[in-house]
Amino acid sequence: EGMTISELAKRTGQPISYLQYILVNVGEKIDSEFEPVSIDIAELVAMEVGVNVRRLHSNEGAELQPRPPVVTVMGHVDHGKTSLLDALRQTSVAAKEAGGITQHLGAFVVEMPSGASITFLDTPGHAAFSAMRARGAAVTDIVVLVVAADDGVMPQTLEAMAHAKAANVPIVVAINKCDKPAAEPERVKIQLGSEGLPLEEMGGDVQVVEVSAVTKSGLDKLEEALLLQAELMELKARVDGSAQAYVVEARLDRGRGPLATAIVKAGTLVSGQHVVVGAEWGRIRAIRNMVGKAMDMARPSMPIEIEGLKGLPMAGDDIIVVESEERARILSSGRKKKSERDRLRKIDEGRIETLEESQSESEESEEVPKKPKRVELPIIVKADVQGTVQAVTDALRSLNSAQVLVNIVHVGVGPISQSDVDLAQACGACIVGFSIPKPSSSITLSATRANIKIKMHRVIYHLLEDLGNFIVEKAPGTF
Ligand code: GDP
């Protein structure tokens, strides 16, 4: 399979002669525009001309099999995310077999007596989740929202809800610390309900489980709830054929070089294959499972560690299998160039471009001619008190028009946090701070790095004027 130059020209909207020029530059000789080039080369050329072609792994005709869910644990600090993950890890059969010792992989699998299993990402918190999403990696199927029964809903609980909602990932609530005398799970449920989470016992579809990471009570119920949620989602993946996988974590080992923890999304990853990982490449020298056992291959939802990459990839990078070292090199160098160009362009044009990109990169973007679309403006609002938050969001919504859709992704009381920046990055939002102190220099720096606009105001009129200008830049002719 592959694609001819003329097909590629149609897809990318570029002249054939220009594509041929690029092909020569990457060392590919093509005699005829009707001669197919490999899918790697097609992707490389597309990247060179700035078109984001998702590699189309054909699932057509392929047999789909159920796959385990991949779960991320989120929630407020100190509500017990780490403890819960530790407790869950200990329930895994592999951990028991290995005397409780698993290597830290960034993910682990819990096998149930029924034979079903659940994959947990072992990095609690919102930053990892956002970082992955920002790189386009939809790895998480379900979010476990941990809320301490003695503390209730806190700011990061709401943030976690916003993250999950923005990513369209269903939540299962784990009310933790139910062993404590001060535990008030019923109160927590009411709080969650009033924050708009449709709990099952209130007629919604969000399951709630009461647990204790310390006494380990309720863990089996939590696992059951996750499997039930997974069943409802009918998670399936193609098992045969070349793998599509994502990096969850990466580290440099003195002896073994770059190591990446990965989760296969579809297909089977086989030791010895040539891969491109984000902008890096390599040949898989070894695949290990969570107890460090060498494996020949890895199947969907299985967390593994791979060895043999030439450089260190990032969390959220995709892993694709290519047929030769040469292809791997070509693709990797093309991607490196592209990411450098993107970086420069973003600095050049600011966040506006990226907002639009995040829209046009959505599924059906590839060849359909551009219709004038309603420009979506995702916004995160932080303000000093709840009343102000409401006033600001109402005011912002007044900017809605036939051309502009103000989408308030998250609101909160208090200063702008790193988690706000992460969320903004994940959904291409700008952050509005109203009547709150300037963010710290580290927050400002990370927002600048991520190209996120932060708009600080104390007067609604000025805020609206500022955003009006912002919209005019983004969607000329709107006002
Ligand atoms: P994280 O910040 O959300 O990862 O929270 P940790 O897992 O670090 O837990 C914070 C504190 O709460 C620690 O002192 C834990 O020992 C304690 N803790 C966590 N889960 C439970 C629980 O189920 N019951 C009780 N009593 N304490 C817990």
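Here, residue 1 is the first one in the sequence, and each next residue gets the next number. What you are looking at is a predicted structure, and each value in this text was computed from that prediction instead of being measured. Note that ligands are numbered from 1 as they come in the structure, with each ligand's atoms numbered from 1 the same way.
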### Message
Under 3.5 Å, is there a donor on one side chain and an acceptor on the other for S83 and D86?
### Response
no
### Task
Could you tell me whether V211 and ligand 1 have an N or O pair separated by under 3.5 Å?
no
### Region of H79 that comes within reach of ligand 1 [heavy atoms, distance under 4.0 Å]
backbone
### Query
Can you list the atoms of ligand 1 that are under 4.0 Å from a heavy atom of D78?
1 (P), 2 (O), 3 (O), 5 (O), 10 (C), 12 (O)
### Query
Which atoms of ligand 1 have any heavy atom of H76 under 4.0 Å away?
3 (O)
### Query
Is the closest side-chain donor-acceptor distance between S440 and S442 under 3.5 Å?
yes
### Query
Which atoms from ligand 1 have a heavy atom of A213 less than 4.0 Å away?
20 (N), 22 (C), 23 (O)
#### Entry: Y246 vs V277 side-chain heavy atoms within contact, under 4.5 Å
no
### Query
With a 4.5 Å heavy-atom cut-off, do V172 and V208 have their side chains touching?
no
### Task
Output yes when a side-chain donor or acceptor of D394 lies under 3.5 Å from a complementary backbone atom of A391, and no otherwise.
no
### Task
Check whether any N or O atom of C178, backbone or side chain, sits under 3.5 Å from an N or O atom of ligand 1, and answer yes or no.
no
### Task
Any atoms of ligand 1 less than 4.0 Å from a non-hydrogen atom of K180? List them with their elements.
26 (N)
### Non-hydrogen side-chain atoms of V144 and T72 separated by less than 4.5 Å
no
### Task
Check D179 against ligand 1 and report side chain, backbone, both or neither, counting heavy atoms closer than 4.0 Å.
side chain
